[in-house]
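Input: a single structure, listed below in structure tokens.
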Amino acid sequence: MQATHRPYGCREASSPPSGPLAPDVTRATTFAYPTAEQLRAVGEGELPGEFYPRYGHPAGRRFEAKVATLEGADGAVSFASGMAALHAIFCGLLRAGDAIAVSNYVYGGVEALVSTDLPRFGIEVRRFDPFDPGSVTRAIDGAVKLVHVETPTNPLCRVVDLKRIVDAARRCGALVSVDATFLPPPLQRPLDHGADLAMHSATKILGGHSDVLAGVVSSRHELLERLEAFRRRTGAILAPDPAWLLVRSLATLELRARQAAENALKLARFLDGLRASGGKVARVHYPGLPHHPDHDIARVYMKAFGFVLAFEVAGGLTEAIRVYDRFRVIARAVSLGGVETLASIPLHTSHAMMPPDERRRAGIADGLIRLSVGIEPYESLESDLAEAMTP
Ligand SMILES: Cc1ncc(COP(=O)(O)O)c(C=O)c1O
């Protein structure tokens with residue numbers, strides 16, 4: 001008999017709520033059945049029921065079902081971290097002899113994975129600039145089986161024209177995966193624009209409270225089955241407790257994301273005002289500002305302009321550190337997407353390993369400060385920045 005019960009969460013049908021509104025977390029690692037036949041049938045997926053948590057568990061499927069519903073996907077598969085999710089996409093869907101085309105603007109951990117590990121297993125890695133149409137077409141040909149982009153990018157919040165990437169990939173029969181960690185659904189939904197896989201480090205705004213490490217990929221069944229099988233073989237499933245916390249977090253995802261994006265837009269305008277009046281700000285990077293290079297593209301792909309912004313302090317690194325060390329509300333920390341506003345200096349954190357000339361070519365100034373804006377009352381953030389910037 002064919003398996004009929006999927007081991008991952010599927011998009012929820014809208015139906016009136018029934019049962020516990022806050023289901024308990026099941027931590028059991030094994031489950032007893034009255035007969036050999038029942039245990040066999042559950043294990044084969046012919047009957048509903050729990051079997052072994054590396055094959056899926058209730059809290060994980062609840063989380064996956066909610067993410068899939070938000071993304072408009074058939075389902076989702078969750079992982080122990082964002083990197084585990086990316087590992088599953090790259091190594092679960094590619095084989096030796098395939099090529100992958102990777103955007104130049106990806107998380108440093110992705111860069112390390114694709115440059116260190118994929119070639120060891122016979123996967124060719126090509127790079128391209130998603131903002132240069134010529135570079136996209138040069139990198140993608142029939143050998144490429146997967147095209148991977150991140151949008152919006154870190155830390156300059158560039159917004160990729162997904163349609164251009166999807167069209168180029170389609171012409172060559174390649175899949176497109178999008179790391180959408182910097183803007184969650186429903187504010188950005190890559191699958192609506194033809195992407196095959198939408199991935200998140202759920203450690204960031206999906207979790208939203210800086211207390212969970214997780215990753216998740218939404219897609220169609222054909223690809224989810226391969227990702228789930230890879231997860232089963234490699235074991236990087238999200239554990240029940242963080243999955244349970246994530247279900248709770250998702251209840252407020254849209255509220256948090258919209259509030260953070262509203263704060264970010266106001267802060268970007270405030271900082272841009274300082275720039276225009278000759279203050280301590282040399283440049284502001286936020287797609288909600290009309291002078292951002294992707295402002296028009298952002299209007300197509302984003303329902304709000306996101307919760308991350310970056311600004312260059314006039315006077316370079318020394319002045320940036322002086323401003324940074326004076327924050328009293330904003331926390332000096334890496335990561336993003338929490339309810340609290342965090343600031344980092346990319347030169348010291350996310351881009352510390354990048355050679356200086358490459359960093360400059362990527363437009364990352366030494367005096368750049370990145371903010372992951374939270375949901376605090378706006379005035380407290382503006383006055384923190386204003387005070388930190390007084391001479
Ligand atoms: C854009 C992006 N993708 C993936 C990751 C990796 O996620 P995780 O730290 O959950 O493994 C990160 C982490 O910062 C990230 O910023």
Side-chain angles (χ1 to χ4, degrees), residues 60 63-64 67 71 76-91 100 102-118 130 146 148-160 162 176-185 187-188 190 195 197-218 227 231 234-239 241-243 245-246 249 257 260 285 287 302 306-310 331 333-338 342-346 348-354 362 364 370-373:
F63 168 58
E64 291 160 352
V67 172
E71 293 279 24
V77 178
S78 59
F79 293 87
S81 69
M83 285 312 303
L86 289 156
H87 175 226
I89 293 175
F90 300 155
C91 294
I100 178 174
V102 182
S103 161
N104 289 341
Y105 301 88
V106 290
Y107 173 59
V110 173
E111 183 51 44
L113 175 64
V114 302
S115 56
T116 310
D117 297 296
L118 299 192
L146 180 67
H148 179 73
V149 296
E150 194 175 307
T151 184
T153 66
N154 177 36
L156 301 183
C157 313
R158 297 291 313 267
V159 183
V160 173
L162 280 182
V176 175
S177 62
V178 177
D179 183 335
T181 298
F182 275 58
L183 193 63
L187 302 183
Q188 166 179 255
L197 303 124
M199 172 272 157
H200 290 267
S201 163
T203 313
K204 308 303 186 309
I205 198 164
L206 299 192
H209 298 73
S210 308
D211 55 7
V212 176
L213 189 69
V216 64
V217 186
S218 301
L227 293 176
R231 181 180 73 175
T234 50
I237 192 169
L238 180 65
D241 282 276
L245 275 172
L246 281 159
S249 291
H285 304 265
M302 303 165 126
F307 60 93
V308 177
L309 66 94
V334 295
S335 200
L336 59 138
L342 309 180
S344 61
I345 297 178
H348 285 175
T349 55
S350 52
H351 293 72
M353 304 305 282
M354 210 185 220
I364 297 162
R370 184 192 78 182
L371 297 180
S372 165
V373 180

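Counting starts at 1 for both ligands and their atoms, following the listed order.
Interface of E150 with ligand 1, defined as ligand atoms under 4.0 Å from a residue heavy atom, comprises 1 (C). Shown in contact with A214 at under 4.0 Å from a heavy atom are these atoms of ligand 1, numbered in order with element: 10 (O). Heavy-atom proximity to D179, at under 4.0 Å, picks out these atoms of ligand 1: 1 (C), 2 (C), 3 (N), 4 (C).
For the pair H209 and S249, the minimum side-chain heavy-atom distance is below 4.5 Å. Residues C91 and L118 have side chains in contact (heavy-atom distance under 4.5 Å, counting atoms from C-beta outward). Counting only heavy atoms from C-beta outward, the side chains of N154 and T181 never approach each other to under 4.5 Å. Between P155 and H351 there is a side-chain heavy-atom pair separated by less than 4.5 Å. The shortest distance between side-chain heavy atoms of M354 and P346 does not fall below 4.5 Å.
Nearest protein heavy-atom contact of atom 8 (P) of ligand 1 is G82 N, 3.4 Å. Protein heavy atom in closest approach to atom 10 (O) of ligand 1: T203 OG1, 2.6 Å. For atom 16 (O) of ligand 1, the closest non-hydrogen atom on the protein side is Y107 CD1, 3.7 Å. In terms of protein heavy-atom proximity, atom 14 (O) of ligand 1 is closest to K204 NZ, 2.8 Å.
Contact annotation for A202 and ligand 1: no heavy atom of the residue comes within less than 4.0 Å of the ligand.
Polar contact check, M83 against ligand 1: a nitrogen or oxygen pair lies under 3.5 Å apart.
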(Q) side chain to side chain contact (heavy atoms under 4.5 Å, CB included) for H148 and F90? Distances and angles first, verdict last. (A) CA-CA 9 Å; H148 179 73; F90 300 155; 3.9 Å; yes

**Q.** side chain to side chain contact (heavy atoms under 4.5 Å, CB included) between S78 and R231, intermediate numbers included
**A.** CA-CA 9 Å; S78 59; R231 181 180 73 175; 3.8 Å; yes

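Under the 4.0 angstrom criterion for non-hydrogen atoms, N154 is not in contact with ligand 1.
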